[in-house]
Protein chains: 2
Amino acid sequence: MRKVQKENPIPLYYQLKDIILEMIDNMELQAGDPIPPERELCEIHGISRMTARKAIDVLVNEGVIYREQGRGSFVAEAKINQPITRLVGFTEDNKSRGKRTETRLLDFEVRPATKIYAQRLQIPEGSLIIKARRLRTTDGEPISIESIHVPKALFPDLTGDMLDNKSFYSLVEKEYGFTLDYAKQTIEPLIINDYDSELLNQEEEALGLLFRRTTFVKSGKIIEYTKTVYRSDRYRYEITLDR
Amino acid sequence: MRKVQKENPIPLYYQLKDIILEMIDNMELQAGDPIPPERELCEIHGISRMTARKAIDVLVNEGVIYREQGRGSFVAEAKINQPITRLVGFTEDNKSRGKRTETRLLDFEVRPATKIYAQRLQIPEGSLIIKARRLRTTDGEPISIESIHVPKALFPDLTGDMLDNKSFYSLVEKEYGFTLDYAKQTIEPLIINDYDSELLNQEEEALGLLFRRTTFVKSGKIIEYTKTVYRSDRYRYEITLDR
């Protein structure tokens, strides 16, 4: 292991983090391998416990290594790249990659659109919207929680049952006769709240991504404004940029 | 203000957070408006200080509100949507939107490719790569820090000067005669480290996004593997999904 250089202006924890990353890059440390214990790192580099811990903390936050209670830290599996450039539903997308998905309805309510939701869905303020929260799992593992908001006027007889373990986009096209056109999706980081982390099987304060999607159908109408919280420890979301 | 319901199974902090969000959605609270102080929230809802603080913390983490030392919490400006679907350089992209950009070279080094970087750039292990770190600013405000990695064989005479406050893609196309084709870009959340937060003018432990970009030219060669840390308090990164 290369050593930190005390005369270097780069903070020591940062140098140590880079040294560990380099060992992973060089495959001297591979998925599942233990990271040297903090006290060993302190001895090797002549640094404080706090500095060693900070380097490890940063790598844990970045999903490069993980801690196991009482056992120490280990190199994590590389994250899986999940393409997100096409407008396809979760069910359809996973099916095409041979994965089994489930979608559990968490709650379903009808309420008047607030000013912001009226803007987001381009409907009059106070007109009804349907809000449904669903938990998505892939091969038995929870991946995301989505909150769909749709104008009730477009889906007058929509019920919770129709959204439980069924594809929303297939419903939109097959039952309601809309033709999907495109969606705008924004991406933000967030700390997953306690309520969602339990459902997503995440530790407290885990990092996640918040996607907000506005979906347009061919007539130009907006049929959904959906906020989805994704866990980020297993996947990296991938887009293709064309020139 | 609607009140939290103690008999509701949804955690109280989460209900309070939703109530505040609703007030923002209804524009009862607008950008710059103060959030009622914690002790007032406690009195109104009959909740503990910890519960009120937790609701505020979540909203701060999500960038919806911000705290000012000794003054309280305020509603943040809505984030600006920044499209990221096309393969354009930072300089070119901002110019098209009438913004003034700067790119400051932070460091420049040549080093042998580790196993991982050899894979990422599809070059032999141990062959030389150039690594350059640059700080990007828009209208004087720091936005991102990028670490470009390029095979030295493709850019044999590249110097730090050539990357200081100049467009890398324009260099690639005009000086080196490559034709950009497409890029794969992955997106992950991260906590911005102390070292980068100082440069990006962020508070400690601020959330950011890590983009990893692999860029291909028409011949099929990979010309860069670039990691970029973006602050996320001002912008939301937006993609368009086509059916």
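Only heavy atoms go into these numbers, but all of them, side chains included; no hydrogens, no water, no symmetry mates. Quick note on labels: first sequence line is chain A, next is B, and so on, each numbered from 1.
- Atom CE of B:Met50 has 12 or fewer heavy atoms from other residues, nucleotides or ligands within 6.0 Å.
- For B:Tyr13, the part lying under 4.5 angstrom from a heavy atom of chain A is the side chain only.
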Inset, instruction - Evaluate the side-chain contact (heavy atoms from CB on, under 4.5 Å) criterion for residues A:Tyr182 and B:Thr240: first the C-alpha distance (whole Å), next the side-chain angles of each, then the deciding distance (0.1 Å), finally the verdict. - result: CA-CA 7 Å; A:Tyr182 69 97; B:Thr240 301; 4.1 Å; yes
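- Heavy atoms of B:Asp194 lying under 4.5 Å from chain A belong to its backbone as well as its side chain.
- Of the atoms belonging to B:Leu210, not a single heavy atom falls under 4.5 Å from chain A.
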Legend entry - Criterion side-chain contact (heavy atoms from CB on, under 4.5 Å) on A:Ile24 and B:Ile116, from CA distance to verdict: CA-CA 8 Å; A:Ile24 297 173; B:Ile116 280 266; 5.9 Å; no
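- Rounded to the nearest 0.5 angstrom, B:Lys115 NZ and A:Glu28 CD are separated by 8.5 Å.
- Looking at heavy atoms from C-beta onward, A:Arg213 lies in side-chain contact with B:Leu241 at the 4.5 angstrom threshold.
- Surrounding CD of B:Glu125 are more than 12 heavy atoms belonging to other residues, nucleotides or ligands, all under 6.0 Å away.
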Legend entry - side-chain contact (heavy atoms from CB on, under 4.5 Å) evaluation trace for B:Glu238 with A:Arg212: CA-CA 9 Å; B:Glu238 183 186 79; A:Arg212 297 170 191 261; over 6 Å; no
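- Here the CG-CD distance, from A:Leu209 to B:Glu188, works out to 8.5 Å after rounding to the nearest 0.5 Å.
- In terms of heavy-atom pairs under 4.5 angstrom with chain A, the leader among B:Asn81, B:Asp57, B:Ile191 is B:Ile191.
- When the shell of 6.0 Å around CD of B:Glu77 is examined, it contains 12 or fewer heavy atoms from other residues, nucleotides or ligands.
- Heavy-atom pairs under 4.5 Å with chain A peak, among B:Val58, B:Leu190, B:Thr179, B:Asn193, at B:Asn193.
- Note on B:Gln119, B:Glu22, B:Lys79: by heavy-atom pairs under 4.5 Å with chain A, the leading option is B:Lys79.
- Annotation: B:Arg104, atom CZ; neighbour count of heavy atoms from other residues, nucleotides and ligands within 6.0 Å does not exceed 12.
- No other option in A:Ile10, A:Ile239, A:Asp181, A:Thr215 has as many heavy-atom pairs under 4.5 Å with chain B as A:Ile239.
- Here the CD1-CD1 distance, from B:Ile187 to A:Ile187, works out to 3.5 Å after rounding to the nearest 0.5 Å.
- Of the listed residues B:Thr214, B:Leu180, B:Thr186, the one with more heavy-atom pairs under 4.5 angstrom with chain A than any other is B:Thr186.
- Side-chain contact between A:Asp242 and B:Leu87: absent, with no pair of heavy atoms (C-beta onward) separated by less than 4.5 Å.
- In this structure, B:Lys221 places its NZ atom where only 12 or fewer heavy-atom neighbours from other residues, nucleotides or ligands lie under 6.0 Å away.
- With chain B as partner, the option from A:Arg120, A:Lys17, A:Glu173 having the largest number of non-hydrogen pairs under 4.5 angstrom is A:Glu173.
- Contact annotation for B:Tyr195: both backbone and side-chain heavy atoms come within less than 4.5 Å of a heavy atom of chain A.
- Counting all heavy atoms, side chain and backbone alike, A:Ser232 lies closest to B:Pro189 at OG-CG, 3.2 Å.
- Once rounded to the nearest 0.5 Å, the distance linking CZ of B:Arg236 with CD of A:Gln185 reads 12.5 Å.
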